[in-house]
Amino acid sequence: MNVPLLDLQAQFVSIRDDLQRAVERVMSSQRFVLGDEVRRLETSIAEYCQTKHAIGCASGSDALLLALMALDVKAGDEVITTPFSFFATGACIARLGARPVFVDIDPRSYNIDPSRVADAITPRTKVMMPVHIYGQCAWMDPLLDLGRRHGIPIVEDAAQAIGATDNGRRAGSMGDIGCFSFYPTKNLGGAGDGGILTAGDDDVAARLRRLRTHGGSNEYEHEEVGINSRLDELQAAVLNVKLPSLDKWSDERARKAEIYTKLLHDSDLRFPLVTPQVRPDGRHIFHQYVLRAPGNRDALMEHLKNHSVGSKIYYPIPLHLQKCFQYLGYKKGDFPEAEAAANETFALPCYPELTEEQQVYVAETIRSFVPQH
Ligand SMILES: Cc1ncc(COP(=O)(O)O)c(C=O)c1O
């Protein structure tokens with residue numbers, strides 16, 4: 001049996017006709033950028049995320065950059081975030097000349113540990129940027145409380161977490177700005193790059209709209225310098241077709257996750273394997289199903305590969321140890337939980353179309369692994 005890490009074909013086949021009609025509609029209109037499809041998507045995403053506004057842009061990475069620009073993050077400012085995330089989380093801060101201030105993660109959820117955040121706040125802290133890693137919200141209440149007490153706005157990096165909730169609140173609706181990615185592998189993935197921002201405040205939303213079109217509210221008058229980060233009509237059309245199925249797909253992912261966890265707990269494993277933590281007060285959309293295999297991760301992944309099971313490490317190098325961030329002065333050992341997670345975790349295939357047979361095969365393959373020491 002072959003179990004790829006992700007199978008986008010399976011989803012495509014189920015919505016092929018609708019997608020082709022949507023693409024044809026855009027081609028016939030010959031309107032390609034920020035048109036009716038984008039406006040429709042923005043309205044639907046705002047509703048879906050329980051926010052007043054949604055503003056489409058060219059990628060999740062741009063969404064993060066635009067969010068920080070809209071909150072006036074500048075050289076010399078500090079932005080508190082997690083070292084255990086996709087590179088864009090740290091890069092958007094550095095690109096504005098600001099300083100990423102990393103705070104270690106909670107070893108069970110892999111999200112930023114809110115109990116460590118207060119110590120990282122300084123008079124220069126401009127924004128706090130938690131990441132909802134793997135599709136489960138960071139523990140937002142303590143962060144929101146800190147934000148209120150210190151007057152620090154919060155940007156949610158919800159790139160992996162569209163539809164996730166924390167105590168009934170949707171990802172992207174709790175902080176000042178939410179940032180989402182429509183990269184094709186995401187739970188809601190486009191046919192290329194795309195992203196969207198959510199915001200509750202009218203002025204922030206208006207500024208985000210301006211910033212994504214070179215800082216101008218019309219084509220030739222520019223109040224400030226922004227960037228070119230528009231969302232394509234083709235992307236929006238594809239996403240408009242997919243959005244109505246998103247909850248069904250995310251629920252299916254969560255169901256597959258539950259099945260894996262049960263199968264693995266019922267297996268008599270010869271090595272320690274930690275299954276994902278699911279917060280009881282939230283909805284985990286399982287963008288990734290991530291296991292922890294201390295001491296055996298790499299050999300276990302090799303074993304899976306030899307049995308045609310895909311797996312991948314998200315993320316092998318924490319941000320504070322990236323070469324480009326050497327100038328920040330962090331060193332190995334500064335964030336032991338993030339470093340341990342980088343050394344011990346890996347993701348299994350987990351998508352709506354995965355079959356139970358495939359899951360049983362993956363679990364059996366894991367069970368047949370014999371540690372070398
Ligand atoms: C946590 C996180 N932040 C930001 C991004 C950036 O999104 P994009 O790839 O759409 O630029 C991603 C995408 O992989 C992500 O996972």
Side-chain angles (χ1 to χ4, degrees), residues 5-6 8 38 41 45 49 54-69 73 79-96 100 102-103 105 109-112 127-138 140 154-164 171-172 175 177-198 212 227-232 234-236 238-239 242 250 253 284-290 312-320 322 325 338 341-342 345-347 350-351:
L5 183 65
L6 181 61
L8 287 175
V38 170
L41 181 72
I45 293 284
C49 292
I55 301 102
C57 64
S59 68
S61 303
D62 275 4
L64 294 172
L65 187 65
L66 287 162
L68 296 185
M69 289 170 81
V73 171
V79 176
I80 293 175
T81 192
T82 165
F84 194 59
S85 182
F86 179 65
F87 180 66
T89 306
C92 62
I93 304 166
R95 273 192 57 185
L96 294 173
F102 297 118
V103 169
I105 58 168
S109 68
Y110 308 111
N111 274 318
I112 194 166
V127 169
M128 288 189 279
M129 193 163 66
V131 176
H132 305 318
I133 201 85
Y134 306 142
Q136 175 161 253
C137 288
M140 290 299 289
I154 293 184
V155 171
E156 292 173 65
D157 182 343
Q160 304 184 1
I162 189 160
I177 303 178
C179 302
F180 296 88
S181 164
F182 297 131
Y183 188 72
T185 58
K186 295 290 192 281
N187 288 36
L188 181 62
D193 278 313
I196 208 159
L197 296 125
T198 50
R212 77 172 167 182
I227 60 173
N228 172 18
S229 184
R230 303 172 295 218
L231 184 61
D232 291 345
L234 277 170
Q235 293 309 333
V238 165
L239 295 161
K242 289 185 168 193
S250 290
R253 283 173 181 261
H284 192 326
I285 62 156
F286 278 97
H287 174 56
Q288 300 295 348
Y289 181 88
V290 172
K312 194 167 170 183
I313 304 170
Y314 302 98
Y315 296 91
I317 306 174
L319 298 179
H320 68 288
Q322 292 290 344
F325 288 144
T345 60
F346 68 104
C350 185
Y351 40 91

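All ligand and atom numbering here is 1-based and tracks the order in the structure.
L231 approaches V38 most closely through the heavy-atom pair O-CG2, 3.4 Å.
When atom types are taken as modelled, the side chain of D232 and the backbone of L234 share no donor-acceptor pair closer than 3.5 angstrom.
Environment of CZ in F346: crowded, with over 12 heavy atoms of neighbouring residues, nucleotides or ligands closer than 6.0 Å.
Remark: A171 engages H132, C137, E156, A158, A161, A164 in a side-chain contact (heavy atoms from CB on, under 4.5 Å) (not counting sequence neighbours).
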Ligand 1: which protein N/O atoms lie under 3.5 Å from its N/O atoms?
unit_1, atom_1, unit_2, atom_2, d
ligand 1, 3 (N), D157, OD1, 3.1
ligand 1, 3 (N), D157, OD2, 2.8
ligand 1, 7 (O), S61, N, 3.4
ligand 1, 7 (O), S181, OG, 3.4
ligand 1, 10 (O), G60, N, 2.8
ligand 1, 10 (O), S181, OG, 2.7
ligand 1, 11 (O), G60, N, 3.4
ligand 1, 11 (O), S61, N, 2.8
ligand 1, 11 (O), S61, OG, 2.5
ligand 1, 14 (O), K186, NZ, 2.7
ligand 1, 16 (O), Q160, NE2, 2.9

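The shortest side-chain heavy-atom distance between Y110 and Y315 does not fall under the 4.5 Å cut-off.
Interatomic distance, CG of L197 versus CZ of R212, reported as 9.0 Å (0.5 Å rounding).
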